[in-house]
Amino acid sequence: MKYTHLFTVLCLLLSANLTFAQGDYAPDRPGIGNGSSITPTNMLGLELGAQFSTNDFAQQFDIGQILLRYGLMDRLELRAALNSFSIQERSLIGGTKNVTGIQDAAVGFKYNVFHHPQNEANISLLGSLSLPTGSDDFTSNELVPFLSALSDFVLSNEMSLSSNVGYNFGYDSYTDFFLLTITPTFTLPKAKHSSFYAGYAGRFFGNDINQQFLEAGFTYSLVNAVQLDANMGFELKGETAFIGVGFAKGF
């Protein structure tokens, strides 16, 4: 029963079946959410980055954030998230504990289900499966599916709005969660290669357990489908702050 509403939304989105060909590579990074753009056919996208996060209980440095995206056909891309090598310092009673290791990898797909002819709206589905391949301190020890609907709407020449609505099928009630992101993006009129975004991301676990993130970032596009980025954010309840940088390129 708890998956009924999500299944209904996905069926409605799948009922749209329009031909769509993507021309340029559009990275999913930075930010908690993902964009709806599909990697062009026969193009390989490489995205990577580094992030530092801290709260009252731990400090963590992640290096890698590796995501590979391959355009299999006009509306479908395949994805492999190799994720990061993490260095964490945990605060314990009477001292600290340092742990290092690899995060779980994931495989998945992104499929475009609607595209407005004038590029004013785009909706895609994202599915992924997290694999228990990480180190002992960073693995879930389970196969964890995730499904999300991704949308992008052009509001003006300088402004667009992105959103994600998804569900993480965790192995128990404490790891199941709904994900909601809302992200306005702004392009400066005289700096078409630069954009800024500021958004919200929420993870809702039920029983009044949730995480509320505010985030902001900057992207700069270079020639040959290269993007540089920087981002930062803050989780309101747990008071976790993070800052990161990244790189993306289509080949």
Side-chain angles (χ1 to χ4, degrees), residues 22-53 60-87 102-112 122 124-131 133-134 138 144 146-152 160 162-164 166 168 179 181 183 185 187 193-199 201 213 215-233 242-251:
Q22 195 88 15
D24 300 316
Y25 183 68
D28 276 347
R29 61 168 305 114
I32 295 174
N34 291 282
S36 64
S37 296
I38 305 297
T39 302
T41 304
N42 296 326
M43 178 179 284
L44 175 67
L46 169 65
E47 305 183 14
L48 51 85
Q51 177 176 290
F52 174 76
S53 57
Q60 183 166 316
F61 180 67
D62 301 318
I63 182 167
Q65 297 184 332
I66 301 171
L67 174 64
L68 300 175
R69 302 166 58 193
Y70 180 74
L72 188 64
M73 58 183 67
D74 283 350
R75 291 180 294 150
L76 176 65
E77 71 173 46
L78 302 181
R79 303 162 63 88
L82 306 183
N83 286 327
S84 299
F85 175 78
S86 297
I87 303 169
I102 302 294
Q103 298 176 5
D104 285 344
V107 294
F109 70 92
K110 190 192 293 186
Y111 179 74
N112 180 256
N122 202 48
S124 296
L125 296 179
L126 172 67
S128 68
L129 181 66
S130 178
L131 309 174
T133 56
F138 297 96
V144 182
F146 177 76
L147 285 174
S148 184
L150 321 173
S151 64
D152 289 288
S160 62
S162 299
S163 66
N164 290 186
N168 189 79
L179 172 68
T181 70
T183 311
T185 301
T187 301
H193 298 290
S194 302
S195 64
F196 301 85
Y197 74 90
F213 291 90
E215 59 172 342
F218 166 81
T219 65
Y220 185 76
S221 300
L222 304 174
V223 296
N224 298 323
V226 173
Q227 175 186 284
L228 305 179
D229 65 70
N231 71 312
M232 61 187 300
F242 62 87
I243 186 169
V245 296
F247 166 89
K249 178 174 173 54
F251 296 89

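Along the sequence shown, residues are numbered consecutively beginning with 1.
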Scanning both residues in full, the closest heavy-atom pair of E47 with A248 reads CG-CB, 3.7 Å
Here the gap from L228 atom CG to H193 atom NE2, rounded to the nearest 0.5 Å, amounts to 12.5 Å
OG1 (T185) and CG (D152) are apart, to the nearest 0.5 Å, by 8.0 Å
Quick one, L129 with V144, criterion side chain to side chain contact (heavy atoms under 4.5 Å, CB included). Give me CA distance, side-chain angles, the key distance, then yes/no. CA-CA 6 Å; L129 181 66; V144 182; 5.9 Å; no
Does L150 offer a backbone N or O that forms a donor-acceptor pair with the side chain of N164 under 3.5 Å? no
Can we call the ring centroids of F52 and F61 under 6.0 Å apart?
no
Donor-acceptor check, side chain of T181 to backbone of S163, threshold 3.5 angstrom: yes or no? no
Would you say that D74 contacts T41 through its side chain, given a criterion of any heavy-atom pair below 4.5 Å between the two side chains?
yes
Between N83 and D104, does any side-chain donor sit less than 3.5 Å from a side-chain acceptor?
no
Separation between CG (L78) and OH (Y111), nearest 0.5 Å, reads 13.0 Å
Interatomic distance, OH@Y25 vs CE@M43, rounded to 0.5 Å, equals 9.0 Å
- Query: Does the side chain of I66 come within less than 4.5 Å of L46's, by heavy atoms?
  - Reply: yes
**OP:** Determine whether N231 and F242 make a side-chain contact, defined as any pair of heavy atoms from C-beta on separated by less than 4.5 Å.
**Re:** yes
Query raised in the report: Are any of the side-chain heavy atoms of Y70 and T39 separated by less than 4.5 Å?
Result: no
Self-check item: Check: A105 main-chain N/O paired with T133 side-chain donor or acceptor under 3.5 Å
Solution: yes
Between Q51 (side chain only) and I243 (backbone N and O only), is there a donor and an acceptor less than 3.5 Å apart?
no
F251 six-ring centre to K249 NZ/CZ under 6.0 Å and within 45° of normal | yes
- If we only count heavy atoms from C-beta on, is the Q65 to P30 side-chain gap below 4.5 Å? no
Trace of the side chain to side chain contact (heavy atoms under 4.5 Å, CB included) decision for I102 with F138 = CA-CA 7 Å; I102 302 294; F138 297 96; over 6 Å; no
Applied to residues 28-38, the salt bridge (Lys or Arg N to Asp or Glu O under 4.0 Å) test, sequence neighbours excluded, yields D28-R69, D28-R79, D28-K110, R29-D229
Value for CG (L48) from CD1 (I63), rounded to nearest 0.5 Å, stands at 9.0 Å
So OG of S124 and CD1 of I38: to nearest 0.5 Å the spacing works out to 4.0 Å
Requested in this report: Apply side chain to side chain contact (heavy atoms under 4.5 Å, CB included) to F146 and S130, showing your working.
Outcome: CA-CA 8 Å; F146 177 76; S130 178; over 6 Å; no
Practice task
Return yes if a side-chain donor-acceptor contact under 3.5 Å exists between T219 and S195, otherwise no.
Solution key: yes
Exercise. Using a 4.5 Å cut-off on heavy atoms from C-beta on, say whether the side chain of F109 contacts that of L126.
Key: no
Open item on the list: With a 4.5 Å cut-off on side-chain heavy atoms, are N122 and N112 touching?
Closed with: yes
Sorted by chain and residue number, the side chain to side chain donor-acceptor pair (under 3.5 Å) partners of Q103 (sequence neighbours excluded) come out as D62, S86
| message | Determine whether a donor-acceptor pair (N or O, by modelled atom type, separation under 3.5 Å) exists between the side chain of E215 and the backbone of A201. | response | no
Contacts of T183 meeting side chain to side chain donor-acceptor pair (under 3.5 Å) (sequence neighbours excluded), chain-then-number -> none
